[in-house]
Amino acid sequence: MNTNAIIVLSAMAASCAFAAETAETKDWTDAVTKALTVYQNDNTFVKKVKFAWMEQFQVADVQPNGSNGLHLKKGASPVNEEFRRSWVGVNVDFSTGTKFHTWGRIGGLPYRKTYKGGREVKGYSYANLFDIWVSQDIKPVQGLTVKAGKIKPLITTDYSTASSALWCVERSVIGNQYGLDSNWGVDVTYAPNKQDKFYVQLMANDRATTDKNMSNTDVYRDGRGLKGEFGWEDKCFAIVGASHKFNVTESGYHAVSAQYGHDFNNEYHHARRKGANCFGFNTQDIVSLGYEYKHGKFHGLANLVSSFETNAGDGANNIGIQLQPMYAICPHADLVFRYTGVTGHNSCKLSSDRYVCTQTTAPAWVDSINTFYLGVDLYASAKNKNAAKLMLGAEYLTARKGGSDCYNGWEFTTAFRWNF
């Protein structure tokens, strides 16, 4: 048994040894949350002011198989380390049912290395706003909320999940292909009870080119900056979604969800017109159907996604599926598996994987992708699992283009997440 396996097993054993602590008792995470809450009084206009803090440091090792003839880019290291997330924010609740929220990114990616044009390009540091919005409860209608500002688009089951609650180190290639960090727009949500939710989002599409450029408005692709053009007429996209939870018991539940997104862009059938932006989520239309099941120690989800008129696929469509079961080994450790498959002529975005295309010669768009992920999540607190966790994952990825294999190999990633 190799050293890494011994370390993983030892960590799991040590984690499970602390399973005796109950979720009902207060633990250290409550103390951190209390320290970040600088004001709380339900009898005043400003009811609560709480700072938020999120960190994620990770190390990834990309190992393409030598048998497929692909190698790392010249001078590229297979290992990358970076602060994936380093954010601080504030949440303010008012007695009027109003809430103010913002996340500020600090630090950026000072250690990550990518390789372009045969040379090493290290990550850059920056400080900016990921999102900033105000929401208002419409009190005459129970469960109705309107939100406006720089917000996160909710499309696909994977990308709709908060980054702090992810089961795997990185989102799937489906979630990352269509996901946008944040964008300016309006969100109307109706959640009359704990089982049902409906929402509509309308957002500006400020992507100027397929390549991100910090000098123009496609900085919104990464949620950066506050300036930009707002050509709403045919430069916006809309998302509608709904979810329903049923057969809810003490041990679990079933849930179904559906989402539809449409880009009102003026670039269709791969025929670009002058001044046309690119599709906000890389496709003109997208349909996502999700299912979630939880019972006892088992928790699983499935997501079927289909997109039409993909941005880089010559008008091609694609279809993808994600299957993701998780089993609780003990209160402090979960075992996670994920399968993701997507197919469509030159319309599957391999570059949505964080490291494969930056470190290797693999093409950005392919005809099919299959990934198999196996990981272990170790939690510092059984009560608040997403407060601090160590995530260990290994993923095998294969891709085909033009009728033959164009990439296959392993990716090993370890991450530490902290979120309050």
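Heavy-atom contacts from other residues, nucleotides or ligands closer than 6.0 Å to NZ of Lys197 number 12 or fewer. At most 12 heavy atoms of other shown residues, nucleotides or ligands fall within 6.0 angstrom of atom CZ in Phe51.
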Please walk me through it: do Thr343 and Asn318 pass side chain to side chain contact (heavy atoms under 4.5 Å, CB included)? CA-CA 5 Å; Thr343 181; Asn318 71 22; over 6 Å; no

Check the pair Trp53 / Phe420 against ring-ring contact (aromatic ring centres under 6.0 Å, His included), numbers first and verdict last. CA-CA 5 Å; Trp53 181 19; Phe420 288 94; 7.4 Å; no

Dump the intermediate steps for ring-ring contact (aromatic ring centres under 6.0 Å, His included) on Phe83 and Phe57, then the final yes or no. CA-CA 4 Å; Phe83 280 99; Phe57 181 80; 5.1 Å; yes

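Looking only at distances, no side-chain donor or acceptor of Arg400 sits under 3.5 Å from a matching main-chain atom of Tyr407. Checked by atom type and distance alone, the side chain of Asp27 pairs as donor or acceptor with a backbone atom of Thr29 at under 3.5 Å. The backbone N or O of Arg171 lies less than 3.5 Å from no partner atom in the side chain of Asp158, so there is not a single donor-acceptor pair. A donor-acceptor pair is defined here as one N or O able to donate and one able to accept, closer than 3.5 Å; no such pair exists between the side chain of Ser347 and the backbone of Ala316. In this structure, Gln195 contributes its side chain and Ser243 its backbone to no donor-acceptor pair below 3.5 Å. The backbone N or O of Phe94 sits nowhere less than 3.5 Å from a side-chain atom of Thr98 that would complete a donor-acceptor pair. At distances below 3.5 Å, at least one donor-acceptor pair connects side-chain atoms of Asn317 with backbone N or O atoms of Glu309. With hydrogens and angles ignored, the 3.5 Å screen pairs no side-chain donor or acceptor of Thr283 with any backbone N or O of Ile286. Panel note: side chain Ser160, backbone Thr157; no donor-acceptor pair is recorded below 3.5 Å. Distance alone, capped at 3.5 Å, places no donor-acceptor pair between the Asp263 side chain and the Gln284 backbone.
Of the candidates Asp353, Asp61, Val169, Thr371, Asp353 is the only one forming a side chain to side chain contact (heavy atoms under 4.5 Å, CB included) with Glu411. Evaluated for a ring pair (Phe, Tyr, Trp, His ring centres under 6.0 Å) with Tyr396, the options Trp410, Tyr373, Phe337 yield exactly one hit, Trp410.
Between Lys401 and Asp367, the shortest heavy-atom contact is CA-OD2, 3.4 Å.
Glu292 and Lys245 are not joined by a salt bridge, as no carboxylate oxygen comes within less than 4.0 angstrom of a charged side-chain nitrogen. A salt bridge links Arg338 with Glu395: at least one charged nitrogen is closer than 4.0 Å to a carboxylate oxygen. Ion pairing between Asp334 and Lys385 holds under the 4.0 Å rule for side-chain N and carboxylate O. Between Asp30 and Lys383 there is a salt bridge, with a side-chain nitrogen of the basic residue lying less than 4.0 Å from a carboxylate oxygen of the acidic one.
Side chains of Thr156 and Asn303: a donor-acceptor N/O pair is absent below 3.5 angstrom, by distance only. Looking at Gln58 and Thr413, their side chains never bring a donor and an acceptor atom within 3.5 Å of each other. Defined by atom type and a distance below 3.5 Å, a donor-acceptor pair is missing between the side-chain atoms of Asn386 and Asn419.
Between the CD1 atom in Ile239 and the CE atom in Met203 there is a gap of 5.5 Å [rounded to 0.5 Å]. Here Tyr379 contributes atom OH and Cys330 contributes atom SG; the two are 10.0 Å apart, rounded to the nearest 0.5 Å. Considering OG of Ser164 and CH2 of Trp87, their distance stands at 9.5 Å, rounded to 0.5 Å.
A parallel orientation is assigned to the rings of His254 and Phe246, their planes being inclined by less than 30° (bins at 30° and 60°). Below 30°, between 30° and 60°, or above 60°: for His295 and Tyr293 the angle between ring planes is below 30°, a parallel geometry.
Contacts of Asp377 classified as salt bridge (charged side-chain N to carboxylate O under 4.0 Å, His left out), with partners at least two apart in sequence or in another chain: none. Tyr190 is linked by a side chain to side chain contact (heavy atoms under 4.5 Å, CB included) to Val141, Leu144, Pro192, Phe198, counting only residues two or more places apart in sequence or in another chain. The ring-ring contact (aromatic ring centres under 6.0 Å, His included) check on Tyr327 picks up nothing, with sequence neighbours excluded.
For the pair Ile321 and Tyr339, the minimum side-chain heavy-atom distance is below 4.5 Å. Ile174 places a side-chain heavy atom less than 4.5 Å from the side chain of Thr340.
Taking the ring axis of Tyr159 as reference, the NZ or CZ atom of Lys152 stays within 45° of it and closer than 6.0 Å to the ring centre.
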